Amino acid sequence: KLYLRSNAGTVNGGVDTDVTFAISPPLTTSDFFNFTLTLESAEIPVSFYNVNSSNNTFIYHLISSGVETSITIPVKNYNATQLLTVLNSLLSSLGLVVSYDEQTNRYTFTGSAEFKLKGNAFRLLGLIPDATTFNLSSSNILVSPSMINLLFPRNCFLKLISTQATTYNATIAKIQLSAQDLEIVYFTGTIASEFSITLTDRTLSSIRVSLVDDDGLALGAASGLNGVYWSIGVNVETVNV
């Protein structure tokens, strides 16, 4: 059994939800056996921001001139009215005003001329769910096509990524993020076969674990879990080839 704590591994790409753990001494087996890794437990703190580097940018395009301005929302936790205040501060110099309708849960963008918006902040702003598609204003007004979404990710997908001869990039478990902000999600695998992966390597010297959200992006993006540790328990067995 391996008990792996995120601060005891090597962070990949500066994101603390993507960590490689060294196994020392390495585990070895013969040609007649394979390693099977089973996730038995996980403790994941809900310490990430709902606005992070994966969903905080959009482009304002003024149609008359073709000038585009990139907008970056500061990485933090927001509710609808807090985000509204920040948006109005960021967009005031562009002559764009944002209002919020609590009953429809949508933003309305009002400009001094025709404009359009696109970017990876489409969920936050209730725009078309495509970062590459512009949302066009009508009579200088753009009402969010969808409700704004400031919810945290619904799930965490725990992936094992190859660090050795066996090539794999497999989701070993889906963990529902049912806890509130600053609480911890506790996961226990109840059906072992659903949370396992078999390797053909004869030596197991490291395991790379990545926590991703519903879009396959690193949980918490570049900020990760903001320095709060997460941990998992992995059972390693040898099985007949």
Side-chain angles (χ1 to χ4, degrees), residues 11-18 46-157 177 181 210-227:
V11 171
N12 296 298
V15 179
D16 63 14
T17 49
D18 186 353
V46 182
S47 59
F48 43 86
Y49 297 135
N50 63 347
V51 176
N52 55 60
S53 60
S54 70
N55 68 348
N56 71 329
T57 62
F58 64 100
I59 291 173
Y60 167 82
H61 179 107
L62 184 60
I63 293 175
S64 61
S65 65
V67 173
E68 294 187 348
T69 305
S70 180
I71 310 296
T72 300
I73 303 167
V75 171
K76 291 181 182 179
N77 278 334
Y78 296 89
N79 60 31
T81 53
Q82 290 170 337
L83 182 57
L84 176 68
T85 299
V86 170
L87 288 172
N88 277 315
S89 175
L90 293 172
L91 297 171
S92 61
S93 63
L94 300 174
L96 198 60
V97 177
V98 189
S99 59
Y100 173 59
D101 188 325
E102 293 184 358
Q103 291 182 298
T104 64
N105 194 34
R106 298 172 192 249
Y107 287 141
T108 296
F109 300 83
T110 303
S112 55
E114 289 288 310
F115 66 92
K116 50 188 180 179
L117 304 176
K118 71 173 181 179
N120 68 14
F122 55 83
R123 279 199 181 91
L124 298 180
L125 307 180
L127 303 179
I128 296 170
D130 178 358
T132 63
T133 300
F134 273 111
N135 295 248
L136 181 64
S137 65
S138 176
S139 300
N140 305 350
I141 296 174
L142 172 61
V143 179
S144 299
S146 304
M147 291 192 297
I148 66 172
N149 185 351
L150 287 165
L151 298 175
F152 291 106
R154 297 181 300 276
N155 301 290
C156 168
F157 296 85
L177 296 175
D181 187 24
S210 179
L211 308 180
V212 302
D213 61 20
D214 299 278
D215 295 319
L217 303 172
L219 190 66
S223 299
L225 304 185
N226 291 299

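Values in this document were obtained by computation on a predicted structure and should not be read as measured data.
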Item checked: Set of side-chain contact (heavy atoms from CB on, under 4.5 Å) partners for Ala80, sequence neighbours left out -> Tyr100, Tyr107, Ile148, Leu150

Item checked: Under 3.5 Å donor-acceptor, Asn226 side chain and Ser47 backbone -> yes

Next item on the list: Report the C-alpha distance between Asp215 and Arg123 in whole Å, list the side-chain angles of each, state the deciding distance to 0.1 Å, and finish with yes or no for salt bridge (Lys or Arg N to Asp or Glu O under 4.0 Å).
Entry: CA-CA 12 Å; Asp215 295 319; Arg123 279 199 181 91; 2.7 Å; yes

Check: Which pair of heavy atoms, one from Asp214 and one from Asn155, lies closest together, and at what distance?
Finding: OD1-ND2, 3.0 Å

Next item on the list: Return the set of residues passing salt bridge (Lys or Arg N to Asp or Glu O under 4.0 Å) with Arg106 (not counting sequence neighbours), or none when no residue passes.
Entry: none

Next item on the list: Just grab all the side-chain hydrogen bond (donor to acceptor under 3.5 Å, both in side chains) pairs involving residues 108-117, residues at least two apart or on different chains.
Entry: Glu114-Ser137

Next item on the list: Kindly indicate whether the side chain of Tyr78, heavy atoms from C-beta on, has any atom under 4.5 Å from the side chain of Leu84.
Entry: no

Note to self: For Thr81, is there any backbone N or O sitting under 3.5 Å from a side-chain donor or acceptor partner on Thr85?
What the structure shows: yes

Note to self: Counting C-beta onward and ignoring hydrogens, is there a side-chain heavy-atom pair between Phe157 and Ser210 closer than 4.5 Å?
What the structure shows: no

Next item on the list: Please report the closest heavy-atom contact between Phe122 and Pro129, naming both atoms and the distance.
Entry: CD1-CA, 3.4 Å

Notebook entry, point to check: Given side chains that start at C-beta, do those of Met147 and Asn149 come closer than 4.5 Å, heavy atoms only?
Noted result: no

Margin query: Using the side-chain contact (heavy atoms from CB on, under 4.5 Å) criterion, which residues pair with Asn77? Sequence neighbours excluded.
Written below: Tyr49, Asn50, Phe152, Asp181

Note to self: What's the separation between atom OG in Ser146 and atom CG in Asn105, rounded to the nearest 0.5 Å?
What the structure shows: 10.5 Å

Check: Once you round to the nearest 0.5 Å, how far does CG of Leu125 lie from CG of Leu83?
Finding: 6.5 Å

Next item on the list: Applying side-chain contact (heavy atoms from CB on, under 4.5 Å), name anything that partners Thr72, two or more places apart in sequence or on another chain.
Entry: Asn56, Thr57

Next item on the list: Any chance you could measure Ser144, atom OG, to Leu127, atom CG, to the nearest 0.5 Å?
Entry: 5.5 Å

Notebook entry, point to check: Do you know the tightest heavy-atom contact between Leu219 and Pro153?
Noted result: CD1-CG, 4.2 Å

Notebook entry, point to check: If you look at every heavy atom in Ala222 and Ser53, which pair is closest and at what distance?
Noted result: N-OG, 3.1 Å

Checklist line | Minimum side-chain heavy-atom gap Val67-Tyr60 below 4.5 Å | finding: no

Next item on the list: State which residues pass salt bridge (Lys or Arg N to Asp or Glu O under 4.0 Å) with Asp213; sequence neighbours excluded, sorted by chain then number.
Entry: none

Checklist line | Side chain Asn55, main chain Asn52, donor-acceptor under 3.5 Å | finding: yes

Item checked: Minimum side-chain heavy-atom gap Leu136-Leu142 below 4.5 Å -> no

Item checked: Gly224 to Thr17 - nearest heavy-atom pair and separation -> CA-CG2, 4.2 Å

Check: Does Asn135 use its side chain to pair, donor to acceptor, with the backbone of Leu117 at less than 3.5 Å?
Finding: yes

Margin query: With rounding to the nearest 0.5 angstrom, report the CG to CZ distance, Asn120 to Phe58.
Written below: 10.5 Å

Note to self: Applying side-chain contact (heavy atoms from CB on, under 4.5 Å) to Leu177 and Phe48, what does each step give before you reach the verdict?
What the structure shows: CA-CA 12 Å; Leu177 296 175; Phe48 43 86; 3.8 Å; yes

Checklist line | Verdict with supporting geometry, Leu91 and Val97, side-chain contact (heavy atoms from CB on, under 4.5 Å) | finding: CA-CA 7 Å; Leu91 297 171; Val97 177; over 6 Å; no

Check: What's the shortest heavy-atom distance between Cys156 and Leu211, and which atoms?
Finding: SG-CB, 3.8 Å

